[in-house]
Amino acid sequence: MAQQLDHLRTRAEFLRVVGRGQKWATPGLVIRVVRREAEHPDDAGRPRLGLIASKKVGSAVARNRVKRRLRALANELLPEHGKPGTDYVLIGRSATVERRFEELRQDLLTALERVHKPGRGHRP
RNA sequence: UCAGACGGUCGGACGGUCGCCUUCGCCGCGUGCGGCGGGGGAGGAAAGUCCGGGCUCUACGGAGACACGGUGCCGGCUAACGGCCGGCGGGGGCGACCCCAGGGACAGUGCCACAGAAAGCAAACCGCCUGUGCUGCGGCCAGGUAAGGGUGAAAGGGUGCGGUAAGAGCGCACCGCGCGUCCGGCAACGGCAGCGGCAGGGUAAACCCCACCGGGAGCAAGACCAAGUAGGGACGGCAAGCCGCCCAGUGUGAGGCGGCCGGGCGAGUUUCCGCGCCGCCGUCUGGGUCGGUCGCGCGAGGCGCUCGGCAACGAGCGUCCCAGAUGAAUGGCCGUCGACAGGGCCAAGACCCUUGAACAGAACCCGGCUUAUAGACCGUCUGACGCC
């Protein structure tokens, strides 16, 4: 998949981000973010992406579409707005399939801004 | 024209822009990456995982028995099937057509609730009839009967006529049923002489019997490469026979090696043959394996034509190469057109407006089945009405 972005590959990587990452929820998506420096201090590579669309989103067709829309969004925004050495996980919601793309883009920009703000707690 | 039956095809289209997977060619170097150019890139069900195969591993090779599971009219097709085609039988429909777990109930066993007198072996509750019986004149008793009533899903052929005390296949006709001659058919089966006065109820989606089929697990199968670990440990139980040699020796003893016998394990159980492994079995415990490559798409393959066949299908020729991901590509966004639906509008059409496409996403592959599915189109046929 994402060849502009590296991506998360194993279940362990996903669990680490979802379990410990900073969280922000918008109508169209939920974001989880964690920096990799704790495990790999000298790793300042490109941001990495993971996508989650659970069965709550709908059928296999709906889940695939959610992942494709989120992937397109991430490929557009993360190279510019993402921080190096950081893992991002985007979680699809039931509204992600139908929400207008422009609104989804605004959702992601807002979420990135909130999550990057220093000094915030883990649970907004 | 309307209503309907069957079969088949398709199941959003075009463009712009930014991307993804894979493959081929060329170029570059830092040899697996980058650049440029070309090709390919979800479905009819990709689904459910219900059958049948290929493939892989399992010692799983041959024969038999048992168990378990499956299939079940006949013939054909197929690699195979529980699939398909063509027939047969039964049922439904005016019809085109549709539906059917459709072997065996004289191999045996069981069951047939409720109701009913009686549910499988003949019997008789009400009734009908007879009597030289009894009587308190209501009936009772003895015998005959199974037509009628009543119960039931089912009551020991049905209808009619004769017959009779009343009745009864008691007799006859027709129908049904059983046996069965001959004829047609590969067969299932059908037709038809004749015989039998009727026996043999149902249930096998109850056990069962018969015939046929079937080892098991699955691509997270499995193989290779790299790195690294290990060729484990503890406890308990069972088995440790004979011969030869070596060491040792007073010795039929202890130890070691080899052979034979025996034993154990080997994917349902078991017997025989063959084969493989070696102490075997149980419990507890330590360590390793989730990186890469292959498997992984030339196939029971698609399309076209010809021939054989009623058909399923087969044969020949020509032509094409057509997804291969692995946190998982096959797309995101925009525009135009647009099906269905709703509204303007009381009804139909035209027009306009709104919305903007059903079921649904490959994960080793193939043949089927089943289930989901908005709508569009084509062909054949049936019935009704109208016209000629």
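Below, chain A is the first sequence line, B the second, and so on; all start at residue 1.
A salt bridge links A:E102 with A:R105: at least one charged nitrogen is closer than 4.0 Å to a carboxylate oxygen. The pair A:D107-A:R99 meets the salt-bridge criterion, with a side-chain N (NZ, NE, NH1 or NH2) lying under 4.0 Å from an Asp/Glu carboxylate O.
Comparing the same atom, P, in B:rU78 and in B:rC310 gives a spacing of 16 Å after rounding to whole Å. Comparing the P positions of B:rC14 and B:rU71 gives an interatomic distance of 48 Å, to the nearest angstrom. Rounded to a whole angstrom, the distance from the C1' atom of B:rG152 to that of B:rG4 is 42 Å. Between B:rG163 and B:rG201, the distance separating the two P atoms is 35 Å to the nearest Å. Straight-line distance between the C1' atoms of B:rA187 and B:rA42: roughly 48 Å, to the nearest whole Å. Between B:rG236 and B:rG231, the distance separating the two C1' atoms is 25 Å to the nearest Å. B:rG54 and B:rC381: their P atoms are spaced 45 Å apart (whole Å). Here the separation of B:rA113 from B:rU151, taken at their C1' atoms, is 14 Å to the nearest Å.
When side chains are defined from C-beta on, A:V57 counts as touching A:V97, because their heavy atoms get closer than 4.5 Å. A:L112 has its side chain out of reach of A:W24: every pair of non-hydrogen atoms, C-beta onward, lies at least 4.5 Å apart. Here the side chains of A:R69 and A:L73 are not in contact, with every heavy-atom distance at 4.5 Å or above.
B:rG331 atom P lies 17 Å from atom CG of A:L51, rounded to whole Å. Note: CG (A:N75) to P (B:rC18) measures 15 Å, nearest angstrom. Taking atom CZ of residue A:R69 and atom C1' of nucleotide B:rC333, one finds them 9 Å apart after rounding to whole Å. Rounded to an integer number of Å, the gap from CZ of A:F101 to C1' of B:rG335 is 17 Å. The distance between atom CZ of A:R63 and atom P of B:rA329, rounded to the nearest whole Å, is 12 Å. As rounded to whole Å, 14 Å separates atom P of B:rC333 from atom CZ of A:R99. The distance from atom NZ of A:K55 to atom C1' of B:rG327 is 16 Å, rounded to the nearest whole Å. The distance between atom CG of A:L73 and atom P of B:rG332, rounded to the nearest whole Å, is 13 Å.
A distance-only check finds a donor-acceptor pair linking the side chain of A:Y88 to the backbone of A:K83 [under 3.5 Å].
Here A:R65 lies in heavy-atom contact (under 4.0 Å) with sugar-phosphate atoms only.
The side chain of A:R71 places an N or O atom within less than 4.0 Å of a non-bridging phosphate oxygen (OP1 or OP2) of B:rA329.
B:rG138 adopts a syn glycosidic conformation, its chi angle falling within 90° of 0. For B:rG91, the base adopts the anti conformation, since its glycosidic angle falls more than 90 degrees from zero. Nucleotide B:rC322 carries a syn base; the chi torsion (O4'-C1'-N9-C4 or O4'-C1'-N1-C2) is within 90° of 0. Base orientation of B:rA221: anti (glycosidic angle beyond 90° from 0). B:rG297 adopts a syn glycosidic conformation, its chi angle falling within 90° of 0.
Remark: B:rG75 base-pairs with B:rC85; criterion is Watson-Crick or G-U wobble with both hydrogen-bond distances under 3.5 Å. Nucleotide B:rA47 has B:rU370 as its partner under the Watson-Crick or G-U criteria, with both atom distances under 3.5 Å. Pair assignment for B:rG331 gives B:rC18, based on Watson-Crick or G-U wobble hydrogen-bonding distances that are each under 3.5 Å. Nucleotide B:rG288 has no partner under the Watson-Crick or G-U criteria, as no pair reaches both atom distances under 3.5 Å. When both pairing distances are held under 3.5 Å, B:rG231 makes no Watson-Crick or G-U pair with any nucleotide shown. Judged by Watson-Crick or G-U wobble contacts below 3.5 Å, the nucleotide B:rC322 has no partner. B:rG163 makes up no base pair with any nucleotide shown, lacking Watson-Crick or G-U wobble contacts both under 3.5 Å. The partner of B:rG316 is B:rC305, judged by Watson-Crick or G-U wobble contacts that both fall below 3.5 Å.
For A:E113, the CD atom is loosely surrounded, since the number of other residues' heavy atoms within 6.0 Å does not exceed 12.
Closest-nucleotide positions on RNA chain B for A:G50 and A:N64 were compared, and the one nearer the 5' end corresponds to A:G50. Remark on RNA chain B: of its neighbouring residues A:V61 and A:R68, the 5'-side contact belongs to A:R68, judged by nearest-heavy-atom nucleotide.
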